K.L.:
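What follows is a structure written as structure tokens; I'll ask about it next.
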Amino acid sequence: MLLKPKFCKSIIVIAAASVLSACDNSSSSLNGVSKTDVCKAAIQYLSSMNGDRNEAIEQGGMVRINQTRASDGKRFYYDCKISGNRISWRMNQADGSMGRWRDGEYDPKVTFSVSSGRISIREN
């Protein structure tokens, strides 16, 4: 069985103060930012393509990110779930179905932290 080498990289996203005032504070790990803010930051970090438009909608404990590629208008969909400080995600497949959740034993672990309105995403 091949194991991918472990690596670690991180990104920091600064959330706007106007967004912070309207956030859901139901989880202590969110520290004043919304699930949609965290998921958008995570997908921006994980995706090699960042479209002109990235829209996020919270749906039953999950966040759906709709991303439109600037060059050809093609749409991509990502689903994101937050549990504590752990982020699980999946992306649509070429046939339109959703792929598997990237939260298995051999998948990189994606986590976040929030400090002073800054969202940090870490993958290891």
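The model shown is predicted, which means the values in this text are computed figures rather than measured ones.
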K.L.:
Which heavy atom of Ile65 sits nearest to which heavy atom of Ile43, and what is that distance?
P.N.:
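In terms of heavy atoms, the two residues are closest at CG1-CG1, 3.9 Å.
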
K.L.:
List the steps, then state whether side-chain contact (heavy atoms from CB on, under 4.5 Å) holds for Lys109 with Thr111.
P.N.:
CA-CA 6 Å; Lys109 183 178 176 184; Thr111 59; 3.8 Å; yes

K.L.:
Show the nearest heavy-atom pair for residues Met91 and Gln93, with the distance to one decimal.
P.N.:
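Closest approach of Met91 to Gln93, heavy atoms only: O-NE2, 3.5 Å.
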
K.L.:
Calculate, to the nearest 0.5 Å, the distance between atoms CG and SG belonging to Leu46 and Cys39 respectively.
P.N.:
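It comes to 10.5 Å.
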
K.L.:
Mind checking the NZ-CE spacing from Lys35 to Met62? Nearest 0.5 Å is all I need.
P.N.:
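Result: 11.5 Å between the selected atoms.
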
K.L.:
Side-chain heavy atoms nearer than 4.5 Å, only ILVMFWY residues, links allowed to pass through others: does that put Tyr77 and Ile82 together?
P.N.:
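Per the 4.5 Å side-chain linkage, Tyr77 and Ile82 are not co-clustered.
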
K.L.:
Here's a test for you: under side chain to side chain contact (heavy atoms under 4.5 Å, CB included), which of Ile121, Asp103, Asn124 qualifies with Val110?
P.N.:
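Per the side chain to side chain contact (heavy atoms under 4.5 Å, CB included) rule, the option paired with Val110 is Ile121, out of Ile121, Asp103, Asn124.
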
K.L.:
Got a donor-acceptor contact below 3.5 angstrom from the Ser29 side chain to the Gly84 backbone?
P.N.:
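Answer holds: yes.
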
K.L.:
Please report the interatomic distance CZ(Arg90) to NZ(Lys81), rounded to the nearest 0.5 Å.
P.N.:
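If I round to the nearest 0.5 Å, the distance is 7.0 Å.
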
K.L.:
Among all residues two or more places apart in sequence or in another chain, which pass the side chain to side chain contact (heavy atoms under 4.5 Å, CB included) test with Arg102?
P.N.:
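Result, side chain to side chain contact (heavy atoms under 4.5 Å, CB included) vs Arg102: Trp89, Arg100, Asp107.
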
K.L.:
Is it the case that the side chain of Ser83 and the backbone of Arg86 share a donor-acceptor pair, with hydrogens and angles ignored and the cut-off at 3.5 Å?
P.N.:
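Absent.
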
K.L.:
Kindly compute the distance separating OH (Tyr78) from CE (Met98), expressed to the nearest 0.5 Å.
P.N.:
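Tyr78 OH to Met98 CE: 9.5 Å, rounded to 0.5 Å.
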
K.L.:
Can you give me the closest heavy-atom contact between Ile119 and Val38, atom names plus distance?
P.N.:
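Heavy-atom minimum between the residues: CD1-N, 4.0 Å.
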
K.L.:
How many angstroms lie between CZ in Arg75 and OG1 in Thr68, if you round to the nearest 0.5 Å?
P.N.:
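Arg75 atom CZ to Thr68 atom OG1 measures 4.0 Å (nearest 0.5 Å).
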
K.L.:
Which value, rounded to the nearest 0.5 Å, describes the distance between Asn54 atom CG and Thr36 atom OG1?
P.N.:
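Asn54 CG to Thr36 OG1: 12.0 Å, rounded to 0.5 Å.
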
